[in-house]
Structures are given as C-alpha cells and as structure tokens.
Amino acid sequence: MYYKIITYGCQMNEHDSEKIAGMLTGMGYRSIEKAEEADIIVFNTCLVRENAELKVHGKIGSYKPLKEENPELIIAVGGCMMQQKDIAKELYRKHSHVDIVFGTHNLAELPSLIQQIKKGKDRIIEVWDSDRGLIPDVPVKRKNDFQAWLTIIQGCENYCSYCIVPQVRGRERSREPADILNEVNKLIDEGFVEITLLGQNVNSYGQDLEDDIDFPELLYKIATETEIQRIRFMTSHPKDLSNKLINICAAEDNICPHFHLPVQSGSNNILKAMNRGYSREKYLAILDKIRNKIPEAAITTDIIVGFPGETTADFSQTISLVKKASFDMAFTFAYSPREGTPAAKRDDQLPEEEKNARLQKLMKVQNKISYQKNQKLIGQTEEVLITGESKKDPAHFSGRTATNKLVIVPACPDKVGEFVKVKINDAGSWTLYGEFI
Ligand code: SAH
Ligand code: SF4
Ligand code: F3S
C-alpha cells in the first residue's frame with residue numbers, strides 16, 4: 001500500500017505532513033512519487049493567500065479521473081483551508097471524489113478516519129474546533145535523517161489585520177520544555193545534527209505555561225544542555241524580539257546566526273493598520289542591535305505590498321526601509337484579502353495591477369541587495385551542511401550555511417548529512433556556488 005502527500009503552505013504544514021507520513025507509515029503504507037500508483041492521497045492545504053486556495057481546488061479536481069479508475073483509492077484533504085468550516089463544506093460538496101475532510105486540530109485522528117472509510121463508511125467530514133489544547137504527539141517521518149523540525153508553540157494570537165492564521169491554527173499553546181528537551185535528545189541519539197524550532201511567533205513561547213520560562217531561556221537550555229550542533233528557529237515577531245534573545249544567540253555557537261524577522265511594511269501608517277505593534281524606527285533599531293552583537297548574522301523578512309489604503313508614499317517608505325535594512329533575502333507578497341479578517345472588509349482595496357506593479361518594483365530592489373550581499377561572500381570559507389542533490393541540477397549537490405544560505409557544490413553523495421568546509425567561488429541573488437577545501 002502506497003501513500004502520496006501533497007503539501008501547500010509554510011513549514012508548519014510541511015512538518016504536519018511529516019506527521020501524516022509518520023501515521024501512514026505506522027499503518028503500513030509506504031511513500032510513492034506517482035499519484036497513479038498511490039492507494040491514498042492526502043492534501044495538506046493552506047489558505048494564507050488566495051492563490052494557495054485556487055491551486056488546491058485545481059489539483060484536487062485533476063485527481064477525479066484517478067478515483068474513477070480506481071474506486072479503492074482514498075483521497076483525504078486536511079490542513080488550514082479545511083479548518084475554515086464553510087470552505088471545508090463547500091469543498092466536500094463540490095469534489096465528490098474526496099473521501100475524507102479533516103482540520104488542523106484533528107490531524108491525529110486521520111488513521112481512525114481512514115479505518116472508517118476502509119470499513120465501508122461512504123465519506124467523512126470532521127473538523128474540530130481549536131479549543132482542545134495541544135495537538136497530541138504522533139509518529140513523525142522526517143524529510144531526512146539529519147535535519148528535524150520541532151514545534152515549540154502551536155497557534156497564534158497576534159491577529160495581524162490581514163492574516164487568517166489565528167483563525168485556523170487557534171490560540172497559542174506552548175509545549176512543555178521537558179518534552180521539547182526530550183525530543184531534542186532523542187533526535188540527537190538518532191543522528192540528527194540540526195533542529196529548527198517552529199512557531200508562528202516563537203517569541204511568545206512559554207507565556208501560557210505554569211513554568212516561568214520564555215523563548216530565550218528555552219533556547220539557552222537546548223543550546224547548553226544538549227549536544228545538538230545547529231539550532232534554528234522561526235518565526236520571530238519583531239514586536240517581542242528581546243535583547244535577551246540576541247545576547248543568547250550571540251553567546252552560543254550552536255545557535256545559527258539567522259533571524260527571520262518579517263517586517264511586512266516600511267510605513268508606520270500601514271504597520272499600525274496591520275496591527276503589527278512596532279514602528280519602522282523600532283524595527284530598524286532591532287536590526288542594529290542584532291548586527292552589533294552578531295555581525296555575521298543573516299536577516300531575512302516577509303513583506304506585503306498593496307495593503308488596503310497603501311499610498312505611493314507608504315510604498316516608498318517600504319522601498320526605503322528595504323534599502324536601509326539590507327536584508328539577505330525577502331519573501332514578498334501582494335496583499336490578498338482573506339474573508340473573515342478586518343483588512344478584507346476595508347473599502348480602500350488596491351487594484352490587482354497596482355499591487356503587482358509594486359511587487360515587481362520591490363522584488364527588483366531586493367534582488368539587487370541580495371546579489372550584492374552574496375557577492376561579498378566570494379572568497380570566504382563557510383561551513384555547509386550538505387542536504388542532497390541540487391533540485392535544479394542533479395549533477396550538483398546543495399547544502400546550507402549557518403546563515404541558511406543555499407550553496408551549490410560538486411556532487412558528493414557520501415557527504416550528505418555532514419558539515420563540510422566550502423570556499424565560495426560565485427554568488428547570485430538566491431544561491432552561492434562553492435568548492436570543497
Ligand atoms: N507567523 C509568521 C508568518 C505567517 S504567514 C509571521 O508572523 O511573520 C507568512 C507570511 O505570509 C506573512 O509573514 C505575510 O508576509 C504573508 N501573508 C499573510 N497573510 C497575507 C495576506 N492576506 N496577503 C498577503 N500576504 C500575506
Ligand atoms: Fe499571521 Fe501575524 Fe500571526 Fe504571523 S503573527 S501568523 S502574520 S497573525
Ligand atoms: Fe501555514 Fe498556510 Fe496554515 S501559511 S499556518 S499552512 S494558512
């Protein structure tokens with residue numbers, strides 16, 4: 001029996017898909033690339049922007065003939081998009097070849113839902129509300145055996161005015177520090193060398209726990225009480241990135257010098273309308289503090305253009321912030337109205353063409369900055385964790401620096417999962433190219 005999982009969205013969803021894979025493996029399924037050969041296909045969906053939703057509908061629709069050919073095939077759809085009950089019901093009604101619809105909060109129930117279908121139940125739609133506490137631990141089948149994602153906090157309660165995530169991922173729920181440390185130690189025993197601590201805002205970690213612990217303290221514990229070689233974390237909300245965190249990152253060698261710090265806009269008016277809780281000045285001051293203490297740190301960000309009411313002057317402020325901030329990389333998005341969020345209700349929405357024109361302009365500015373920053377690394381030696389074949393060019397392999405930059409190296413199947421010294425020979429906006437020394 002074979003499974004195929006199709007994942008959309010952020011690292012949270014990627015990690016949830018590893019949990020789905022773990023549960024399916026426990027049921028005796030094995031992974032397969034070709035959908036035609038699968039006995040079960042699971043979609044793990046995202047609805048953060050409209051195009052994510054459209055892609056899901058298109059792809060699910062395209063699998064209808066597979067189900068007609070093979071009525072035994074089970075098609076299950078879960079993830080954030082299904083956590084919005086109206087959307088889930090509509091999808092269930094529209095795509096009659098879908099057997100199971102489940103939400104993010106009842107992910108752990110998937111095996112029992114599959115069993116019910118196998119026992120002859122016709123179709124199931126079951127989506128839990130978010131108030132049942134932490135999603136229980138389930139077996140995890142990870143993307144490889146040296147890098148692991150580890151959720152430290154589920155949910156988000158920041159309610160940025162454009163964002164649907166708090167509605168589908170629920171309130172913030174932190175995992176117990178002892179459970180996290182146990183998991184890290186287990187991973188080390190299994191040979192893992194790098195962990196990425198995940199949360200929509202890792203800086204909120206611990207606020208809901210009885211223990212008096214915050215994110216910097218958790219990070220310090222992991223860095224000093226375990227033997228893990230590389231620790232990453234994401235995402236940090238700028239409004240509560242503390243000096244304590246910067247100091248701990250600076251002091252501990254195994255914490256990677258990389259901050260993903262979404263700024264979203266460079267205009268104070270827009271930041272306020274977005275409910276982000278910081279100003280452009282405060283944001284730039286945080287970058288100064290980080291670079292002061294950790295000069296080699298890479299800083300990446302997310303930016304939205306075309307938020308309702310964004311004037312050309314607001315947009316110029318974003319461009320000017322991007323130039324000042326000198327980000328290593330930015331994920332840039334055109335604002336997409338999401339039903340149920342305050343920003344979507346505003347009547348000063350910008351036309352699509354204007355949002356796209358601003359996006360193109362912003363990307364051009366940032367690509368140049370990324371290129372210039374990467375060019376400066378030519379001639380330097382970096383420690384690279386080799387992750388496998390390069391996606392674009394299987395004749396080469398790729399890996400990541402501590403600053404999370406992608407490095408293309410000569411083919412080296414025997415070095416996968418190892419740290420190697422690489423001299424950087426060339427650099428583009430997104431990629432470094434190097435040779436072993
Ligand atoms: N928790 C993270 C990010 C979650 S979503 C954080 O707070 O930064 C990832 C990114 O998608 C966001 O940072 C934002 O830039 C973008 N995004 C979220 N909602 C969006 C929307 N409605 N339109 C366009 N981009 C959006
Ligand atoms: Fe969305 Fe804001 Fe929460 Fe990030 S912090 S997930 S952008 S509401
Ligand atoms: Fe992530 Fe998309 Fe959900 S960005 S949290 S998978 S809505």
Side-chain angles (χ1 to χ4, degrees), residues 1-9 12-14 16-47 52-133 135-141 164 167-170 339-340:
M1 295 194 304
Y2 293 101
Y3 72 81
K4 180 174 175 72
I5 304 173
I6 299 159
T7 311
Y8 301 87
M12 302 277 169
N13 253 23
E14 298 270 353
D16 281 351
S17 287
E18 293 185 335
K19 296 178 184 170
I20 294 170
M23 292 188 287
L24 293 175
T25 305
M27 294 176 79
Y29 288 93
R30 280 189 294 150
S31 160
I32 196 149
E33 200 41 49
K34 281 196 184 140
E36 297 76 30
E37 290 167 23
D39 301 284
I40 178 161
I41 300 176
V42 184
F43 287 87
N44 193 6
T45 63
C46 167
L47 82 168
E53 255 186 79
L54 296 176
K55 270 193 237 159
V56 168
H57 275 289
K59 190 85 176 174
I60 293 177
S62 77
Y63 281 180
K64 193 166 187 174
L66 278 186
K67 177 80 177 181
E68 281 163 357
E69 250 170 57
N70 172 16
E72 296 296 303
L73 170 68
I74 298 176
I75 300 183
V77 186
C80 291
M81 194 173 146
M82 297 302 98
Q83 194 58 46
Q84 265 328 42
K85 289 189 181 155
D86 291 347
I87 301 178
K89 279 185 202 147
E90 171 68 14
L91 182 133
Y92 186 75
R93 195 188 55 75
K94 192 170 151 207
H95 296 291
S96 56
H97 59 296
V98 169
D99 302 282
I100 300 170
V101 165
F102 63 106
T104 54
H105 301 292
N106 59 333
L107 175 100
E109 299 300 299
L110 184 61
S112 93
L113 301 178
I114 295 171
Q115 291 300 0
Q116 291 177 43
I117 294 288
K118 284 190 154 178
K119 282 189 190 139
K121 194 154 181 187
D122 187 24
R123 303 175 73 205
I124 304 172
I125 174 163
E126 190 168 328
V127 178
W128 288 2
D129 287 331
S130 64
D131 50 11
R132 302 205 189 196
I135 300 161
D137 288 349
V138 297
V140 185
K141 188 171 183 294
I164 195 76
Q167 294 180 38
V168 293
R169 288 276 170 172
E339 210 183 311

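What you see is a predicted model, and the numbers here were worked out from it, not measured in a lab. Note that these values count all heavy atoms, side chains included, but never hydrogens, waters or copies made by symmetry. One-based numbering along the sequence shown.
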Plane angle bin for F43 and Y63 - parallel if under 30°, tilted between 30 and 60°, otherwise perpendicular: tilted

CD1 on I135 to CH2 on W128, rounded to 0.5 Å: 10.0 Å

CD1 on I117 to CD1 on I100, rounded to 0.5 Å: 5.0 Å

T104 side chain to Q83 backbone, donor-acceptor under 3.5 Å: no

Heavy-atom side-chain contact between E68 and K64 under 4.5 Å: yes

Qualifying residues under salt bridge (Lys or Arg N to Asp or Glu O under 4.0 Å), relative to E53, sequence neighbours excluded: R338

Distance-minimising heavy-atom pair for V140 and K19: CG2-CG, 4.1 Å

Main-chain N/O of I32 paired to K4 side chain as donor or acceptor, under 3.5 Å: no

Closest contact, heavy atoms only, Q167 versus Q84: OE1-NE2, 3.5 Å

Side chain H97, main chain I60, donor-acceptor under 3.5 Å: yes

N106 side chain vs E126 backbone, donor-acceptor pair below 3.5 Å: yes

Reported NZ-to-CG distance for the pair K121 and L113, which is rounded to 0.5 angstrom: 8.5 Å

Pairs satisfying salt bridge (Lys or Arg N to Asp or Glu O under 4.0 Å), at least one member in residues 73-91, at least two apart: K85-D129, E90-R93

Under 3.5 Å donor-acceptor, E18 side chain and N13 backbone: no

Nearest heavy-atom neighbours spanning T7 and S17: OG1-OG, 2.7 Å

M1 side, atom CE; D39 side, atom CG - distance, nearest 0.5 Å: 7.0 Å

Spatial distance of atom CG (L24) from atom CD1 (I40) [nearest 0.5 Å]: 5.5 Å

Side chain to side chain, E36 and E69, heavy atoms closer than 4.5 Å: no

Atom pair CD1 (I41) and OH (Y3), whose distance is rounded to the nearest 0.5 Å: 13.5 Å

Nearest atoms (heavy-atom pairs only) where C46 meets A52: O-CB, 3.7 Å

More than 12 heavy atoms from other groups under 6.0 Å of CZ on R30: no

Heavy-atom closest pair, residues V127 and F102: CG2-C, 4.2 Å

Side-chain atoms of residues 71-81: list all donor-acceptor pairs with protein atoms under 3.5 Å, sequence neighbours left out, distances to 0.1 Å.
none

Closest non-hydrogen atom pair, M82 against A88: O-CB, 3.3 Å

